[in-house]
Amino acid sequence: MAVRKVSGLLLDIDSTQDEQGLACIRLFLRTGKGIECFTDPDFRPYFYVLCDDAAKRKKELEGMEWQDANRKVRLLKAEAVEKANAGNALKVSFKNTSDLTFVRGEIRKAAGVKETREYDIPFAKRYVIDKGLEPMGYAVVEADAENRALRVACDRERDEAVKRLRVCCFDLETLSPGRFSDPKRDAIVMISYADADEQHVFTFGKKVKRDYVTVFDDERGMVQALVDKIKEKDPDIVVTYNGDSFDFPYLKERCQRLGLKFDVNADGSEPVVRQKGMDKAVKVRGRQHVDAFQIVRLLARLGVLDLVKFDLEAVAKALYGEEKEKVKPEEINQAWDSGKGLERVADYNLADAAYTLRIARDYLPLTVEMAKLTKQTAFDVSRSSTGILVEYLLIDKSYRNNLLIPNKPREEEVEARAEKSFEGGYVKSPVPGLHENIAVLDFRSMYPSIIVSHHISPDTLNCACCKGLDKHKAPTGDWFCDKRQGFFSSLLEDILNKRIEIQKQMKAVAKDTTEYKVLYARQWALKILLNSFYGVLGYARFRWYSRECATAVTAWGRHYVHEVLQAAENDGFTPLYADSDSAFLILPREKSEDDVKKFAKKVNEALPGVMELEFEGYYRRGIFVTKKEGGAAKKKYALMDFEGNLTIVGFEYVRRDWAQIAKETQKRVIEAVLKEGKPDKAVKVVRETIERLKQGRVPKEELFMYTMLRRTVGKYEQVAPHVAAAEKAIKRGKDIGVGSVLEFIITKSGKTISEKAELAEFVREGDYDAEYYINNQVVPAVIKIMRELGYSEQDLVHGGKQSSLGAFT
DNA sequence: TAATTCGCTAGACCGA
DNA sequence: TCGGTCTAGCGAA
């Protein structure tokens with residue numbers, strides 16, 4: 001029998017059943033021949049059973065039969081296995097996944113069975129982990145003439161995935177006659193397509209004067225052209241923007257209506273729309289469908305992007321600083337009906353696909369690296385939370401270490417865990433007012449480094465061998481093994497070291513190369529995982545949840561920050577403020593930046609393991625303020641370095657739920673005070689703003705406030721302004737979904753603020769409540785700063801005090 | 001389908 | 001109408 005050995009990019013993995021009802025894994029690889037599908041009919045779904053006596057129960061279980069009205073199921077086999085963290089484990093296998101699902105609940109009732117494990121690892125993921133494969137990495141397959149895989153292994157030698165990835169994007173424009181587009185009724189009027197080599201817009205029946213536009217006779221011809229184009233280009237990855245919830249489902253429905261086959265999957269089948277939680281997700285079998293919208297959402301969660309709206313216009317601006325013209329749905333309808341201005345629509349349509357392609361080009365490397373690290377497909381990675389990614393990283397690592405994976409907690413357990421919160425970081429009350437010569441120190445990746453340095457892991461917790469030893473005894477009283485690093489902790493250390501190694505490699509590579517971009521993406525993926533480890537330890541649904549570990553981490557964190565503050569004071573610095581992993585120190589006249597660095601060095605010599613205190617910066621001036629209710633405000637301050645650069649933290653200026661006019665005024669006040677030391681100028685700025693508001697000439701944009709609608713309108717106990725605005729808009733026929741960020745204004749009409757609140761699009765220029773914006777926005781934002789300089793509200797709003805109060809003496 | 005706690009503040013809501 | 005309490009959202013780390 002001829003055996004062929006091929007290496008290819010592992011794009012997709014799923015499973016089917018053969019004629020005999022046996023589960024069969026399918027692997028989709030990009031080889032020299034295109035995307036080839038290989039099957040592995042010999043891998044069986046399984047899970048583990050922990051029992052009192054493995055040898056005895058093996059026979060019993062193999063003899064058992066489970067049945068209902070429709071079927072009878074038996075195990076394929078049960079085999080005793082040695083696991084590093086459990087005795088008497090049986091690995092029980094099944095013909096297929098539905099048999100497994102049928103039996104997994106029942107088998108717990110069998111005599112001698114104590115527990116079942118790993119019964120909820122999806123079959124295809126199970127295969128990837130057990131075979132040591134890497135999705136979006138290369139795999140070597142030895143296959144017979146029918147493409148049955150006889151051997152499968154990861155091909156770590158090859159690493160050119162990102163360079164060679166075939167990516168294509170498309171985007172639809174549809175008709176929406178006075179309502180949201182409905183694929184059952186409304187036609188697609190334009191489709192843009194973009195890949196590395198070509199860009200097109202397809203339309204039908206109209207004249208469009210653009211050379212990149214191809215005009216077809218009808219919608220059917222146009223849609224067919226897209227389908228043909230995708231099949232011709234045979235991409236590894238199809239990227240859309242919002243394709244999960246819009247473009248793909250819409251296309252699918254249209255194809256059905258038009259009698260077209262939407263056969264763009266690598267095996268010639270059609271994409272499937274899956275329900276994923278509250279959202280949809282569209283799978284293109286054999287290839288990967290990545291919705292760039294999900295990538296953008298991830299970037300927003302990571303703080304790379306600060307977005308209110310997630311449309312491509314906002315993204316283009318935030319990511320690339322470029323203005324992209326928006327063409328509204330009604331404009332598209334109008335252009336289509338009149339046949340005029342279709343060039344503008346085509347430009348817009350093409351720009352959508354082009355920007356989507358650009359986002360893909362820039363951020364697919366991160367997806368690819370994350371896929372390889374966590375053994376998930378690009379499809380899954382781009383739609384997963386960091387919690388899920390960490391979980392799969394640990395699942396894979398468990399398998400490699402022959403460890404049995406803990407089960408997901410039951411719902412009662414989740415509730416019980418969530419009920420008891422735990423103490424977090426320490427925040428020191430600052431001294432309100434103006435300060436000069438402030439040094440900021442912080443612990444580099446504090447929580448990860450505590451976990452690594454103190455061997456924090458569920459399996460090293462309170463070990464018998466280290467009882468009474470002080471070395472890894474947390475302030476909580478729990479201790480961790482000194483002899484063993486622990487599963488969780490050692491994995492974290494590996495990641496930490498790997499990242500340092502990659503960062504070293506990056507220094508030897510030119511920045512504009514693909515190699516650099518890949519390395520950058522790799523260390524970034526590691527950083528994301530690194531920073532999620534502590535969070536999941538205290539996450540109620542996490543398999544490896546450990547309250548003891550989570551509390552030990554924060555307790556040590558508080559301990560070390562206190563130590564630094566104390567040591568600083570002993571050395572002649574004045575501790576000003578601290579938050580979780582940082583320490584703000586005021587330098588006395590005789591001390592310099594160098595002394596701070598020396599101090600940090602001294603601290604570092606005494607710190608355990610990989611923990612490190614870093615010098616973050618030295619600032620000329622800083623201001624801390626008093627809370628409205630009195631007392632020093634935490635998490636709110638502004639610093640200015642010796643070059644005049646401002647850092648504003650926690651103030652209204654950084655909050656999206658405050659109006660631009662208040663934020664901008666606040667910033668100018670901070671600038672006047674910190675940069676120029678001119679509080680009287682600040683007063684002038686405030687008075688001018690108030691005057692402008694009173695005259696009613698402030699444009700809408702400066703008055704918008706943004707707040708997310710976090711639940712369905714009816715589910716609120718209190719109707720806040722943004723909810724009231726949403727209610728009114730919905731009554732007018734607007735469709736507002738949970739999770740959308742509302743842009744609203746406080747208008748003149750109504751009594752309460754909620755009554756006055758309206759979505760910005762329904763408000764005409766000049767219709768705003770000046771009193772509200774003065775008294776509830778501008779004044780509260782600036783008064784907290786001006787108060788520190790001895791000014792009162794009256795001083796700002798009315799005449800009064802003009803002289804500076806010698807703020808810097 | 002879902003990473004953590006700490007902290008500030010608004011505006012609604014409720015009872016006197 | 002006023003003041004206290006609570007819901008809700010956002011940001012820091």
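Proteins come first, then strands; the chains are lettered A, B, ... in the order of their sequence lines, and each starts at number 1. Bear in mind the structure is a predicted one, so any value in this text is a computation, not a measurement.
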> Has A:K728 got its NZ or CZ under 6.0 Å from the middle of the six-membered ring of A:F762, at an angle within 45 degrees of the ring axis?
Replying inline: no

> How long is the line joining CD of A:E629 and P of B:dG11, in whole Å?
Replying inline: 14 Å

> Between B:dT5, B:dA2, B:dC6, which one does the side chain of A:E423 approach most closely?
Replying inline: B:dC6

>> Using the side-chain heavy atoms of A:S385, tell me which of these nucleotides is nearest: B:dA2, B:dA12, B:dT4.
In response: B:dA2

> Is A:R547 close enough and on-axis enough to A:F422, meaning under 6.0 Å and within 45°, for cation-pi?
Replying inline: no

>> With a 4.0 Å cutoff (strictly under), does any side-chain N or O of A:S754 reach OP1 or OP2 of B:dA12?
In response: yes

>> side-chain hydrogen bond (donor to acceptor under 3.5 Å, both in side chains), that's the test. Do A:Q376 and A:K125 meet it? Break it down for me.
In response: CA-CA 7 Å; A:Q376 303 293 296; A:K125 293 179 197 288; 2.7 Å; yes

> Of all the nucleotides listed (B:dA3, B:dC8, B:dT9), which has the minimum atom distance to the side chain of A:T386?
Replying inline: B:dA3

>> Under 4.0 Å from OP1 or OP2 of B:dC8: is there any side-chain N or O of A:K784 that close?
In response: no

>> For a side-chain hydrogen bond (donor to acceptor under 3.5 Å, both in side chains) check, start with the C-alpha distance between A:E788 and A:T626, then their side-chain angles and the critical distance, and finish with the verdict.
In response: CA-CA 8 Å; A:E788 298 310 323; A:T626 307; 2.7 Å; yes

>> Side chain of A:K628 only, heavy atoms from C-beta on: which candidate in B:dA2, B:dA10, B:dT5 is closest?
In response: B:dA10

> Just checking, A:K283 and A:F379: is the charged tip under 6.0 Å from the six-membered ring centre and within 45° of the axis?
Replying inline: yes

>> With a 4.0 Å cutoff (strictly under), does any side-chain N or O of A:N531 reach OP1 or OP2 of B:dA3?
In response: no

> What's the CZ-P distance between A:R558 and B:dT4, to the nearest Å?
Replying inline: 17 Å

> A:L530 has an atom CG; how far is it from atom P of B:dT4, in whole Å?
Replying inline: 18 Å

> When you measure from the side chain of A:K627, which nucleotide among B:dA2, B:dT1, B:dT9 comes out closest?
Replying inline: B:dT9

> Taking only side-chain nitrogens and oxygens of A:Y772, does any of them come within less than 4.0 Å of OP1 or OP2 of B:dG11?
Replying inline: yes

> For nucleotides 7-13 of chain C, read 5' to 3', which letter fits each nucleotide if B means a protein heavy atom sits under 4.0 Å from the base, S means only the sugar-phosphate is that close, and - means neither?
Replying inline: BSBBBBS

>> Looking at A:Y545, I'd like to know if the NZ or CZ of A:R541 sits under 6.0 Å from its six-membered ring centre while staying within 45 degrees of the ring's axis.
In response: no

>> Using the side-chain heavy atoms of A:V427, tell me which of these nucleotides is nearest: B:dA10, B:dT5, B:dG7.
In response: B:dG7

